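The structure appears below as structure tokens.
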Amino acid sequence: MNSKSHPLNRRTFLRGSGVALALPWLETFAAGSRAKDATPKRFLSVYHPDGVGLPLKSDPAWKDWSWFPRGGEKDFELTKVLDVLQPLRSDITIYSGLSHPAARNVHGHSNADQYLTGAPVGGSGPYQNTISLDQVYAEHAGDFTRHSSLVMSTNGGVGGPRGAQTQSFNREGRPIPAMNKPKQIFDLLFVTSGKDAAAMLARSKSALDLLIASTRSLGRQLSKHDQQTLSQYLDAVRDTELKLEKAQKWLTTPVPQVDTRNLHLDAEPKEARLYFQTMYELIYLAFLSDSTRVATFQLGRENGEGPHDLLSLAVGLGGAHGLTHAVKNPGGWQNLGTYNRYQAEEFGRFAQKLKDTPEPNGSGSMLDNTLAMHGSASSSFHLSRNYPIITAGGKNLGFTNGRYLKFGTGNEDNQAGAGIVSDAGWTGKMEVEELPLAKLFVTILQRLGVESDEFSGQTGTLTRV
């Protein structure tokens, strides 16, 4: 193979025996192929339903198990819920005082649908959603990659109106089905089969076994740096592939019917943890291979049900949704905080992996060129206010991290969202004036290179970001 006659680009595959594997970017063959778009700008949104724990300041649990930090913009102190992110402190920003105006009176069980759209989809009237943030960017960046976006969730599919199991909605406001089977996602991203490839794969321990000869042939043309890059990439793909079978078992594990106060569980928690990590690994590989620059990952649906409720088994707790309704029980705030801590831990593990991976063109790490957002459209008690949001990375996109940004007024001591709410809706008095989350979305789009000053009816960017 001659590098001049067969230049590699982001759509190049390693081919052998009817199987093709997407390749990472390699400097050896990059001359002129990515001059206009040398460093990818990436975006990830991870959504966790049912909110977080925000005990009142008068509650003894407030000191350790309130989700929001204590302190000021730069001198903030992380509680036990987010202290797992301390090693990434200089790479993250925590936001409070943001929400979508159209959803502030909507019960949290209907919140997932509007998190990335800001559309007025609550209530019992006609349902009409709008385009989600990720898909606006996908329209901009999709031409550069094999897949315009990667849409994932633990439950899969679309769910139903006001019960979405996907974060992504197209220009017409229609939900984009989410994938939840690791093997399906892996094959979509990395394996394209020829006529006889399926049978060959069935007899092979690994799809990569069929590509070894091609790898060796390609390796002779690569620089030492690219040889190392390719070796690390193939090792990562193989490692992920080997996890798929075990992770797949998690999807068929029945949801146990247990009292949330009874921590004796039959299901094996390691499978839930493995599944979670495998899904994050697939996002990492998709970004590393430049198969896509946009991804969403929803950790279940609001109001529980389905595989999502099993994620909390990874930390030895009962159904995830039930934790939010049991905070008044003994140890309730700690149980919810422990689960929220686990979610933050896995998000931090993903961000750290991006940080540890240098961009091949010397433009910092993958995290520097990626904005990863982790959040929910509920705070405490399914209240649709004061969304708990963390962003990681984006240094080269203009984001300054290591901060706790409090917006709006009356939002001191993290009490926005700590009022009274029942399953029928908000029953207390809200004295907090919050800012539209859409302004942060406009900021994100502009930093990603999208020329826009409006999102979901809100114009202008969010200051101080």
Side-chain angles (χ1 to χ4, degrees), residues 45 47-48 50-59 62 66-79 81-82 92-108 110-112 114-120 122 133 340 371 373-391 394 399-421 425-447 453-465:
S45 173
Y47 183 82
H48 62 97
D50 303 324
V52 297
L54 290 181
L56 292 170
K57 194 172 182 179
S58 58
D59 192 304
W62 176 81
S66 182
W67 190 91
F68 284 107
R70 297 183 298 273
E73 179 175 328
K74 295 182 179 180
D75 63 347
F76 61 89
E77 179 184 356
L78 298 172
T79 67
V81 184
L82 296 184
I92 63 171
T93 296
I94 301 169
Y95 304 80
S96 68
L98 300 176
S99 59
H100 289 308
R104 288 172 184 164
N105 293 320
V106 176
H107 189 274
S110 302
N111 264 349
Q114 52 81 32
Y115 176 64
L116 287 186
T117 70
L133 172 66
N340 292 150
L371 185 74
M373 183 170 73
H374 190 287
S376 179
S378 296
S379 49
S380 209
F381 301 107
H382 302 306
L383 181 63
S384 305
R385 304 294 294 257
N386 195 22
Y387 298 171
I389 294 175
I390 305 169
T391 61
F399 290 92
T400 302
N401 292 308
R403 298 188 294 164
Y404 170 33
L405 297 179
K406 291 182 278 189
F407 293 96
T409 60
N411 195 27
E412 294 304 312
D413 297 324
N414 312 321
Q415 295 307 297
I420 302 171
V421 70
W426 170 249
T427 59
K429 183 179 181 182
M430 174 57 68
E431 297 179 349
V432 175
E433 181 179 340
E434 297 176 1
L435 296 185
L437 176 59
K439 289 183 175 293
L440 174 60
F441 289 178
V442 172
T443 305
I444 292 172
L445 288 173
Q446 290 185 0
R447 305 278 176 87
D453 192 48
E454 183 273 339
F455 187 87
S456 187
Q458 300 291 332
T459 58
T461 58
L462 196 63
T463 60
R464 300 163 53 204
V465 176

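Bear in mind that the values here come from a model prediction, so they are computed numbers and not experimental data. Sequential numbering from 1 along the given sequence is applied to the chain's residues.
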Residues which pass side-chain hydrogen bond (donor to acceptor under 3.5 Å, both in side chains) with Tyr115, listed by chain and number, not counting sequence neighbours: none
Looking only at heavy atoms, the pair that brings Ser456 and Ala119 closest together is OG-N, 4.1 Å
Can you name the residues that form a salt bridge (charged side-chain N to carboxylate O under 4.0 Å, His left out) with Arg403, not counting sequence neighbours? Glu73
State, yes or no, whether a side-chain contact exists between Lys406 and Phe76 at a heavy-atom distance under 4.5 Å. no
Indicate yes or no: at least one non-hydrogen side-chain atom of Gln114 is less than 4.5 angstrom from one of Val106. no
Can you check whether Leu133 reaches Leu445 side chain to side chain, under 4.5 Å on heavy atoms? yes
Mind checking side-chain hydrogen bond (donor to acceptor under 3.5 Å, both in side chains) for Ser384 and listing every partner two or more places apart, or none if nothing turns up? Asn111
Please check if the side chain of Asp59 supplies one atom and the backbone of Leu56 the other of a donor-acceptor pair under 3.5 Å. no
Rounded to the nearest 0.5 Å, how far does CZ of Arg464 lie from OG1 of Thr400? 12.0 Å
Below 4.5 Å, heavy atoms only, C-beta onward: do Thr79 and Trp67 meet side chain to side chain? no
Flag side-chain contact, heavy atom, 4.5 Å: Pro436 against Phe441: no
What pairs with Ser99 under side chain to side chain contact (heavy atoms under 4.5 Å, CB included), at least two apart in sequence or on another chain? Arg104, Arg385, Tyr387, Glu434
Does the side chain of Val52 come within less than 4.5 Å of Val81's, by heavy atoms? no
For His374, all residues meeting ring-ring contact (aromatic ring centres under 6.0 Å, His included), sequence neighbours excluded: His48, Phe347
Given side chains that start at C-beta, do those of Tyr47 and Leu116 come closer than 4.5 Å, heavy atoms only? no
Residues at least two apart in sequence or cross-chain that pass side chain to side chain contact (heavy atoms under 4.5 Å, CB included) with Thr93, listed by chain then number, are Tyr95, Thr391, Asn401, Leu405
Please answer whether the main-chain N or O of Leu54 pairs with a side-chain N or O of Ser380 as donor and acceptor at a distance below 3.5 Å. yes
Reported CG-to-OG distance for the pair Leu371 and Ser45, which is rounded to 0.5 angstrom: 9.5 Å
Would you please name every residue forming a side chain to side chain contact (heavy atoms under 4.5 Å, CB included) with Pro120, sequence neighbours left out? Ala102
Pairwise distance CD1(Ile389) to CZ(Phe68) - rounded to 0.5 angstrom: 8.5 Å
Could you pull out all residues at least two apart from Leu462 that satisfy side chain to side chain contact (heavy atoms under 4.5 Å, CB included)? Leu98, Phe407, Leu435, Lys439, Leu440, Thr443, Val465
List the residues meeting side-chain hydrogen bond (donor to acceptor under 3.5 Å, both in side chains) with Gln446, not counting sequence neighbours, and say none if there are none. none
Could you tell me if the side chain of Ile92 sits less than 4.5 Å from the side chain of Leu82, heavy atoms only? no
Considering all heavy atoms of both residues, which atom of Ser66 and which atom of Pro55 are nearest to each other, and what is their separation? CA-CD, 3.8 Å
Sequence-distant partners of Thr117, side-chain hydrogen bond (donor to acceptor under 3.5 Å, both in side chains), two or more places apart: Asn129
Which atom names give the shortest non-hydrogen contact between Gly97 and Asn386, and what distance separates them? N-OD1, 2.6 Å
